[in-house]
Amino acid sequence: MEPVVVIKAEQYNQEEITKAVEQLLHHLGAARLVRPGMRVTVKPNLLMKRQPEEATTTHPIVMKAVIHCLQQLGAGEITIADSPGGPYSKALLQGIYQASGMEQAAKETGALLNYDLTYETVAAPQGKKCTSFHIISPVAKADLVVSVGKVKTHCMTTLSGGVKNLFGCIPGLQKPELHYRFPQKEEFGEMLVDLAQTVAPALTIMDGVVAMEGDGPSAGSPVKTGFLCGSTSPFALDAFLCRLLGMDSTKVPTVAAAQARGLAPGEGEVINLGGVPERIPLKQPSSHSVDFISHVPGPLQGAAAWLRDHALTPRPAVEKRRCIGCGRCAQSCPAKIIKITGGKAVVPKEGCIRCYCCHEMCPVKAIHVRRVKLFDL
């Protein structure tokens, strides 16, 4: 199992963050991976149009540090590329690049911002759910891919880590199609592991200086966690993040799937470069599963399972007073069941596959994950 390197980083100070990234890359053997003149694509988490301080997107100071260090190692053309939520369009990318600080990061480092909206079909020979993927061109054509994610909780996958960050390699509204093909968390996790093996980033770095807890990846709360971490294996990195953040790895579908394939076995080696605690527990998303079946007498387990799946399963709910009727939820809904009626979103129970894409993409946090708290008592 590939080692994970973690280092204390308490604030977004450029000098401090650059020094921390230099140490991470040194201990990860980046000098052996980056050859002179390589075309490198750096893939941040740019989910939606948010300011850096909202902790939804990878912080531009971390991105600048990574790009600077890659340049120092001899990398040639470096491109910042991601396919955020919603349509894959130049206008959407421009707005997100500007709001997230990527535009400024590119200006200050000389990196390119991707506006190539094409994609390549890439075979997934190790795939269990998918035999191929459509991958955005700057990732598919790169000599080296470096993934730079944001540490967040996630209402569907529990953890938004190194593996989940690669979902942004799928172009635009093809992402909801995959949600619809794989509506169950376990299947979706398997698909994401297939994707991670296909993209095969040479390095994965996670921005945990300020993370997001609660109902992430976009409606949670920023929380200071004070670290950066990295690995040559996104699977090992996510297994480490589960331990660090107090998550049960068996309930994180990407980690459970990776461990079942032997991609993240055991505890693994952790190189702590200084000052990061053993545990930094995060508040979990409201959508964590209601698992009480094992405590119900055998003859009643069938009825209890129905109750769990139909009455107690967390579902998206619209807060009407906040809803602005923009339609982003309907646009991102894989099942195409959401309607805008009277200027407000309506999310029917019937047909909902509980992927929480609507919750994730709401720009005003008007969609919540509603769950019954009976079994929290």
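For this chain, numbers begin at 1 and follow the sequence in order.
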J.: Counting N and O atoms only, with roles assigned by atom type, does the side chain of Asp194 sit under 3.5 Å from a partner on the main chain of Lys129, one being a donor and the other an acceptor?
T.: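 Side chain of Asp194 to backbone of Lys129: a pair is present.
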
J.: Can you name the residues that form a side chain to side chain donor-acceptor pair (under 3.5 Å) with Ser132, not counting sequence neighbours?
T.: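 Testing Ser132 for side chain to side chain donor-acceptor pair (under 3.5 Å), a comparison that skips the adjacent residues, returns none.
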
J.: For side-chain contact (heavy atoms from CB on, under 4.5 Å), just list the numbers for Ser249 and Gln259, CA-CA rounded to whole Å, side-chain angles, deciding distance to a tenth of an Å, and then say yes or no.
T.: CA-CA 9 Å; Ser249 63; Gln259 289 179 334; 3.6 Å; yes

J.: Grab the two heavy atoms, one from Glu2 and one from Ala236, that are nearest each other, plus how far apart they are.
T.: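 Of all heavy-atom pairs spanning Glu2 and Ala236, the closest is O-CB, 3.5 Å.
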
J.: Will you find, in the side chains of Arg261 and Gln197, an N or O donor that is under 3.5 Å from an N or O acceptor?
T.: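 Indeed, the side chains of Arg261 and Gln197 share at least one donor-acceptor pair under 3.5 Å.
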
J.: Indicate yes or no: does Asp207 engage Lys150 in a salt bridge with an N to O separation below 4.0 Å.
T.: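 Looking at Asp207 and Lys150, the cut-off is met.
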
J.: I need the Glu360 CD to Ile367 CD1 distance, nearest 0.5 Å.
T.: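 So the gap between those two atoms works out to 11.5 Å.
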
J.: Do Val151 and Leu245 make a side-chain contact, defined as non-hydrogen atoms from C-beta onward lying under 4.5 Å apart?
T.: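 Yes. Closest side-chain heavy atoms under 4.5 Å.
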
J.: Between atom CE of Met156 and atom NZ of Lys164, what is the distance when rounded to the nearest 0.5 Å?
T.: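 Met156 atom CE to Lys164 atom NZ measures 9.0 Å (nearest 0.5 Å).
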
J.: Kindly list each side-chain donor-acceptor pair under 3.5 angstrom involving residues 84-95, sequence neighbours excluded, with atom names and distances?
T.:
{"residue": "Tyr88", "atom": "OH", "partner": "Asn114", "partner atom": "ND2", "Å": "3.0"}
{"residue": "Tyr88", "atom": "OH", "partner": "Asp116", "partner atom": "O", "Å": "3.2"}
{"residue": "Ser89", "atom": "OG", "partner": "Leu92", "partner atom": "N", "Å": "3.2"}

J.: Can you tell me if Lys344 has over 12 outside heavy atoms packed within less than 6.0 Å of its NZ?
T.: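 Yes, NZ of Lys344 has more than 12 neighbouring heavy atoms, counting only those of other groups under 6.0 Å.
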
J.: Check whether any side-chain heavy atom of Lys152 sits under 4.5 Å from a side-chain heavy atom of Leu47, and report yes or no.
T.: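 SC-SC contact between Lys152 and Leu47 confirmed.
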
J.: To the nearest 0.5 Å, what is the distance between CG (Leu159) and SG (Cys242)?
T.: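 Between Leu159 CG and Cys242 SG, I get 5.5 Å after rounding to 0.5 Å.
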
J.: Check Cys355 against His179 and note the closest heavy-atom contact, atom names and distance.
T.: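 Heavy atoms of Cys355 and His179 come nearest at CB-ND1, 3.5 Å.
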
J.: Would you find a donor on one side and an acceptor on the other, under 3.5 Å apart, between the side chain of Gln284 and the backbone of Leu282?
T.: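 Side chain of Gln284 to backbone of Leu282, a donor-acceptor pair under 3.5 Å: yes, one is there.
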
J.: Ile170 versus Leu195: any side-chain heavy-atom pair under 4.5 Å?
T.: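 Yes; the side chains approach each other to less than 4.5 Å.
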
J.: Answer yes or no: are there more than 12 heavy-atom neighbours, outside Glu108 itself, under 6.0 Å from its atom CD?
T.: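 Yes, the 6.0 Å shell around CD holds more than 12 heavy atoms from other groups.
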
J.: Indicate yes or no: does Glu187 engage Lys185 in a salt bridge with an N to O separation below 4.0 Å.
T.: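 Salt bridge absent between Glu187 and Lys185.
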
J.: Could you tell me whether the side chain of Gln174 and the main chain of Pro171 form a donor-acceptor pair under 3.5 Å?
T.: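 No; judged by distance alone, with no hydrogens or angles, the pair does not exist.
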
J.: Could you check whether Thr153 and Glu213, counting side-chain N and O atoms only, form a donor-acceptor pair closer than 3.5 Å?
T.: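 Checked: Glu213/Thr153 side chains show no N/O donor-acceptor pair below 3.5 Å.
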
J.: May I ask whether Leu178 and Val139 are part of the same hydrophobic cluster, defined by side-chain heavy atoms of I, L, V, M, F, W, Y residues being less than 4.5 angstrom apart, directly or through others?
T.: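 Looking at the clustering, Val139 is in the same group as Leu178.
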
J.: Quick one: does Met48's side chain get under 4.5 Å of Thr56's, heavy atoms only?
T.: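 Met48 vs Thr56: side chains touch.
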
J.: Could you measure the distance from the NE2 atom of His359 to the OG atom of Ser218? Nearest 0.5 Å is fine.
T.: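 If I round to the nearest 0.5 Å, the distance is 5.5 Å.
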
J.: Assess whether side-chain contact (heavy atoms from CB on, under 4.5 Å) is satisfied between Cys229 and Val5, documenting all intermediate values.
T.: CA-CA 5 Å; Cys229 60; Val5 181; over 6 Å; no

J.: Report yes or no: do Val148 and Ile17 belong to one cluster of Ile/Leu/Val/Met/Phe/Trp/Tyr joined by side chain heavy-atom distances under 4.5 Å?
T.: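 Val148 clusters together with Ile17.
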
J.: Hey, could you give me each pair passing side-chain hydrogen bond (donor to acceptor under 3.5 Å, both in side chains) that has a residue in residues 32-41? Not counting sequence neighbours.
T.: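 Output for this query is empty, none listed.
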
J.: Once ring-ring contact (aromatic ring centres under 6.0 Å, His included) is applied, do any residues pair with Tyr97, and if so which ones, sequence neighbours excluded?
T.: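 Result, ring-ring contact (aromatic ring centres under 6.0 Å, His included) vs Tyr97: Tyr115.
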
J.: Using side-chain heavy atoms (C-beta onward) and a distance below 4.5 Å, is Arg50 in contact with Ser100?
T.: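 The answer is no, as the side chains (C-beta and beyond) never meet within the 4.5 Å cut-off.
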
J.: Taking atom CE of Met206 and atom CG of Leu241, what is their separation to the nearest 0.5 Å?
T.: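 CG of Leu241 is found 6.0 Å from CE of Met206.
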
J.: Starting at CZ of Arg315, measure out to CZ of Arg354 and round the result to the nearest 0.5 Å.
T.: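 Result: 5.0 Å between the selected atoms.
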
J.: Does the side chain of Tyr180 reach to within under 4.5 Å of the side chain of Ile353, using non-hydrogen atoms?
T.: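 With C-beta onward as the side chain, the pair touches.
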
J.: Do you see a donor-acceptor pair shorter than 3.5 Å between the side chains of Ser83 and Lys175?
T.: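 There is such a pair between these side chains.
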
J.: Does any non-hydrogen side-chain atom of Leu25 lie less than 4.5 Å from one of Ile205?
T.: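 Counting from C-beta outward, Ile205 and Leu25 do come under 4.5 Å.
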
J.: Quick check against the 3.5 Å criterion: does Asp143 have a side-chain atom that pairs as donor or acceptor with the backbone of Val40?
T.: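 Not confirmed, Asp143 side chain does not pair with Val40 backbone.
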
J.: Using a distance-only test with no angle check, is there a side-chain donor-acceptor pair under 3.5 angstrom linking Thr254 and Thr157?
T.: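 The answer is no; no qualifying pair exists.
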
J.: How are the rings of Phe188 and Phe167 set to each other: parallel, tilted or perpendicular (split at 30° and 60°)?
T.: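 Phe188 and Phe167: perpendicular rings.
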
J.: Side-chain heavy atoms nearer than 4.5 Å, only ILVMFWY residues, links allowed to pass through others: does that put Val62 and Leu46 together?
T.: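 Yes, Val62 and Leu46 fall within the same hydrophobic cluster.
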
J.: Could you tell me whether a side-chain N or O of Asn272 sits under 3.5 Å from a main-chain N or O of Val276, the two making a donor and an acceptor?
T.: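 Present.
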
J.: For a quick check under 3.5 Å, do His368 and Glu319 share a side-chain donor-acceptor pair by atom type?
T.: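 Looking only at side-chain atoms, Glu319 and His368 do form a donor-acceptor pair, the distance falling under 3.5 Å.
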
J.: Do the side chains of Ile136 and Met102 join up, straight or via other hydrophobic residues, at under 4.5 Å, putting them in one cluster?
T.: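 Ile136 clusters together with Met102.
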
J.: With distance as the sole test, does His27 use its side chain to make a donor-acceptor pair with the main-chain N or O of Gln23 at under 3.5 Å?
T.: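 Yes, the answer is positive, given that a donor and an acceptor are paired below the 3.5 Å cut-off.
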
J.: Could you walk me through whether Glu103 and Leu113 pass the side-chain contact (heavy atoms from CB on, under 4.5 Å) check?
T.: CA-CA 7 Å; Glu103 184 177 82; Leu113 292 173; 4.3 Å; yes

J.: Step by step, would you call Asn45 with Thr58 a side-chain hydrogen bond (donor to acceptor under 3.5 Å, both in side chains)?
T.: CA-CA 5 Å; Asn45 184 328; Thr58 306; 5.6 Å; no

J.: Keeping the roles fixed (side chain from Asp238, backbone from Gly162), state whether a donor-acceptor pair exists under 3.5 Å.
T.: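 Pair found, side chain donor or acceptor close to backbone of Gly162.
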
J.: Within the structure provided, determine whether Thr225 and Val209 are in side-chain contact (heavy-atom separation under 4.5 Å).
T.: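 Thr225 vs Val209: side chains apart.
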
J.: When you compare the side chains of Asn165 and Ser147, does any donor N or O come within less than 3.5 Å of an acceptor on the partner?
T.: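 Their side chains do contain a donor-acceptor pair, which is all the 3.5 Å distance test asks for.
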
J.: Give the table of side-chain donor-acceptor pairs shorter than 3.5 Å for residues 68-80, with sequence neighbours excluded, one pair per line with atom names and distance.
T.:
{"residue": "Gln71", "atom": "NE2", "partner": "Thr109", "partner atom": "O", "Å": "2.8"}

J.: Should Glu10 and Lys8 count as an ion pair when the cut-off is N to O under 4.0 Å?
T.: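 Yes, charged N to carboxylate O under 4.0 Å.
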
J.: Any carboxylate oxygen within less than 4.0 angstrom of a Lys/Arg side-chain nitrogen, looking at Asp248 and Arg243?
T.: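 Arg243 and Asp248: not salt-bridged.
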
J.: Is there a donor-acceptor pair under 3.5 Å between the side chain of Thr204 and the backbone N or O of Ser233?
T.: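 Checking the backbone N and O of Ser233 against the side chain of Thr204, no donor-acceptor pair under 3.5 Å is found.
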
J.: Taking all atoms of both residues into account, what is the closest heavy-atom pair of Pro52 and Thr57, and its distance?
T.: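 Distance-wise, the nearest heavy atoms are CA-OG1, 4.5 Å.
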
J.: Which residues pass the side chain to side chain donor-acceptor pair (under 3.5 Å) test with Gln331, not counting sequence neighbours?
T.: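 So Gln331 forms no side chain to side chain donor-acceptor pair (under 3.5 Å) with any residue.
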
J.: Would you find a donor on one side and an acceptor on the other, under 3.5 Å apart, between the side chain of Ser332 and the backbone of Cys329?
T.: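 Confirmed, Ser332 side chain pairs with Cys329 backbone.
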
J.: Taking all heavy atoms of Gln51 and all of Ala99, pick out the closest pair and write down the distance.
T.: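 The pair with the smallest heavy-atom distance is OE1-O, 3.4 Å.
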
J.: Any link between Val255 and Leu263 through a network of hydrophobic side chains (Ile, Leu, Val, Met, Phe, Trp, Tyr) touching at under 4.5 Å?
T.: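 Val255 and Leu263: separate clusters.
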
J.: Yes or no on side-chain contact (heavy atoms from CB on, under 4.5 Å) for Ile271 and Val6, after CA distance, side-chain angles and deciding distance?
T.: CA-CA 6 Å; Ile271 302 171; Val6 58; over 6 Å; no

